[in-house]
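Here the structure is laid out as structure tokens; the discussion comes afterwards.
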Amino acid sequence: MGNQVSDSPFHLQGSKMDLLSGLNPEQRAAVELPARSALILAGAGSGKTRVLTTRIAYLISNGLVSPSGVLAVTFTNKASKEMQARLSAMLPINTRSMWIGTFHGLCNRLLRAHYREANLPQTFQILDSSDQQSAIKRVMKALNVDDEKYPPRELQNFIGRNKEQGLRAHEVEAYDPYTRRKIEVFAAYDEQCQREGVVDFSELLLRCYELLSRNQQLREHYQERFKHILVDEFQDTNPLQYRWLKLLAGQSNALFAVGDDDQSIYAFRGANVGNMQELLRDFHVENVIKLEQNYRSHGNILDAANALISRNRNRLGKELWTAEHKGEPLRVYEAPTDMDEARFIADEVRHLHREGVALSEMAVLYRSNAQSRALEHALVAAGVSYRVYGGQRFYERQEIKHALAYLRLLVNQDDDNSLLRVINFPTRGIGARSIEQLQESAKQYNTTLFDAAARMGGKVTGFVGLIEEMRSATANLPLPEIVDHVLAHSGLMANYQNETGAKKHEAQERIDNLNELLNAATLFVHENEDDSLVAFLTHATLEAGEHQAEAGSDALHLMTVHAAKGLEFHSVFISGLEEGLFPHQNSQNEDGGLDEERRLMYVALTRARRRLYLTFAQSRMLHGQVNYNMMSSFLRELPDELLQWLSPRLTQRTPSAFRAYSPPAAGSTKLPPAPPAPVKEGAWRIGQRVFHQKFGEGTITGLEGNGTEGRVQVNFKHAGSKWLALEYAKLTSA
DNA sequence: ATGACATCGTTTTTT
DNA sequence: ACGATGTCAT
């Protein structure tokens, strides 16, 4: 996303010339394309968001389309907000009349507008993934499905995957009894959702797709309206999203897709890069415009990225270039342990900071979240302030979900998920037994839990009374007052306020968060035309808030490579460049897995503007075990002449050289973490070629223990990778 | 109802 | 190693 904002201010609004000035020929060609479908292959840092927004502004300011004829689709709320903001800066019109949003947001909007045709209650609620999981667990219980044999997680994936392919339960092929059972759960789950008036994320898309495909009148209405459909990050679309786009585009509308096949890193969640080729076929796209000029990075960084990605098969083909200098070489550092790697990074960050690079202009990237621990430890020790991205989000906190559950019940009492969440929170003496009775009764009379509860009597009916009381008391109140009322009368606030002792601190935080919810509601009213409770609840699920609430202060960014996509920094550290970690072990088995990992590495490399560090460690603590990994093959795929090694090759050091890196063992009876096995006489080493009676030839890729006892991981030429106990495996040197 | 203990899983993630 | 989740006893 945004990289050219700073060097191309649009103070001159309006006329054609102003919009196009400052664009390079390819960007300009893309913006000025005729009203036919097109694919813009936009490399990292090539100004794709600018092209997308300028295209819209160009179409509108030249009278080629009215604002209401534009449909602009993104994946994240962040991207859609940015697009909206840029457009309002470029166009002297109210961007609110344009349909700009995420796939889910737009589908929600369509379903709300046509809830009857979509067979949904007007106030339908949206399940997030954790709500969905509890819903699935309930269905499984009702169907007596063994959750050992069928992990709810797997069912959730099964349902989601199929919906993303556009498939309903009855359309899924039942290969075997196991799958047949899963299909049963799928069907029952959908029925339950329908009964309860809720939809999950993929349902939002599928239901909207079905609405438009079945209802000719509606379909034609929207096809008539959206003459120009523009899609960001097109490589991330799943099959259903693509079909949805095709449906809206119809025969004559222009689908303007912007994407980068080399940055496709979400196959694991259903994204299908193949949609790019399909688009070319289905829409008879004649020419693809490639944006290859990069405005972000120095030459060496791009050379490295190009060299790496050139090893992937089935690319549409693209090579980044820059008008800038070659810049510095990429700095490579090999550390003895993950702790040393982290210390090195903390030190470098401090140096760079002292030289004037803002902390917020630096990022440490890693393949998996578990790696942040060691980094945080070292940063705290070095006194560097940092922010870790990817924690829990605001609307996902327990107390917030509780409050939202009460609010949802006001709007839709059939929402059993919400009822179960709060019927006994705060505790009101409704235990597991009562809840079971309630579920029995609901099943028997074929009603929802709320209706069953109304019939039950006792404390349970008291809960029903509470909800009804709150509903009528808030019926005509503005949103913030509804929230305030519910926080006070549900007993939630009091529950946390009454907390004492050890939990006091935690409770105070929850109270603060509940007050923050009240603020969010107030803010929501100011920012949105539709300030109803339903709209607010939808917002809470669809826009669960920033991953990291507090911003502002200058801090180093810590995040996964995935989270870094679309961002850029002056200096970037890519850490943990080890075989098995990055590329990740699990990618070896999936087909196309290694290519996706390589694209991930490509994304990581192209985040840096000026300085790039590539670091790895000989030994790493993972899941409570010390692992010895080889250097990442990706590092080997980068041209030598672009690299500057900051560390001598550790494999050539004498054991004593390690001691300088060992933490001081002052007063500790525990041994300092074992240095990477000082190579003993006759011990096995990583990288060594070996022979095994049964498996044949191979190379040692991992080591646990000291090399004479413990186990080794051997990658056999023909038998694959295996862990062998040295005590038993008769390995010989090959 | 609630805390102590056991078990499990552990790549990436938006909506 | 560690956190989340679940079970069991009180």
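In what follows, chains are A, B, ... by sequence order, proteins preceding strands, each numbered from 1.
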- Item | Residues which pass side chain to side chain donor-acceptor pair (under 3.5 Å) with A:T538, listed by chain and number, not counting sequence neighbours | A:R112
- Task: Starting from P on C:dC2, measure out to CE on A:M621 and report it in whole angstrom.
- Result: 8 Å
- Item | B:dT12 and C:dT5, which share atom name P, separated by this distance in whole Å | 16 Å
- More than 12 foreign heavy atoms under 6.0 Å from CG of A:D591: is that the case here? no
- Sidechain N-carboxylate O distance under 4.0 Å for A:E196, A:R138: yes
- Message: Output the rounded distance in Å from CD (A:E596) to P (B:dT13).
- Response: 12 Å
- Task: Answer with base, sugar-phosphate or nothing: what part of the nucleic acid does A:K163 contact at a heavy-atom distance below 4.0 Å?
- Result: nothing
- Query: Which whole-number value in Å describes the distance from A:L106 CG to B:dT14 P?
  - Reply: 19 Å
- Query: At under 4.0 Å, does any side-chain N or O of A:R269 touch on OP1 or OP2 of B:dT15?
  - Reply: no
- Task: Select base, sugar-phosphate, or nothing to describe what A:F75 touches, counting heavy atoms under 4.0 Å on all strands.
- Result: sugar-phosphate
- Below 4.0 angstrom from OP1 or OP2 of B:dT14, is there any side-chain N or O of A:T102? no
- Message: Under 4.0 Å, heavy atoms only, any strand: does A:N77 hit a base, just the sugar-phosphate, or nothing?
- Response: sugar-phosphate
- Message: On the nucleotide B:dT15, are OP1 or OP2 found under 4.0 Å from the side-chain N or O atoms that A:N238 carries?
- Response: no
- Can you tell me the distance, in whole Å, between the CG atom of A:N495 and the P atom of B:dA1? 13 Å
- Query: Base, sugar-phosphate, or nothing: which does A:Y266 touch, judged by heavy atoms less than 4.0 Å apart?
  - Reply: sugar-phosphate
- Message: I'd like to know if A:T76 reaches the base of B:dT15 with its side chain, counting only an N/O donor and acceptor under 3.5 Å.
- Response: no
- Query: Where each residue is assigned the nucleotide of DNA chain B containing its nearest heavy atom, which of A:I430 and A:I265 is assigned the position nearer the 5′ end?
  - Reply: A:I430
- Query: For B:dT13, does either OP1 or OP2 sit under 4.0 Å from a side-chain N or O belonging to A:K78?
  - Reply: no
- Message: Distance check needed: B:dT15 P versus A:L111 CG, whole Å only.
- Response: 18 Å
- Measure the distance from CG on A:L567 to P on B:dT14 and round it to the nearest whole Å. 12 Å
- Backbone N/O of A:A535 and side chain of A:D530: donor-acceptor pair under 3.5 Å: no
Is there any protein nitrogen or oxygen under 3.5 Å from a nitrogen or oxygen in nucleotides 2-11 of chain B, and what are the pairs?
| unit_1 | atom_1 | unit_2 | atom_2 | d |
| --- | --- | --- | --- | --- |
| B:dT11 | O4' | A:H584 | NE2 | 3.3 |
| B:dT11 | O2 | A:R367 | NH1 | 3.0 |
| B:dT11 | O2 | A:R367 | NH2 | 2.0 |
| B:dT11 | O4 | A:E590 | OE2 | 2.6 |

- Short question: side chain of A:R243, backbone of A:Q165 - any donor-acceptor pair under 3.5 Å? yes
- Query: With a 6.0 Å cut-off on ring centres, are A:Y222 and A:H114 close enough?
  - Reply: yes
- Message: Rounded at 0.5 Å granularity, tell me how far CD in A:Q585 sits from CD in A:E578.
- Response: 12.5 Å
- Item | Salt-bridge present (A:D232, A:K48; N to O < 4.0 Å) | yes
- Message: What is the separation between atom CG on A:D232 and atom P on B:dT15, rounded to the nearest whole Å?
- Response: 13 Å
- Query: Within this structure, what is the OH-to-P distance between A:Y366 and B:dT12, rounded to whole angstrom?
  - Reply: 10 Å
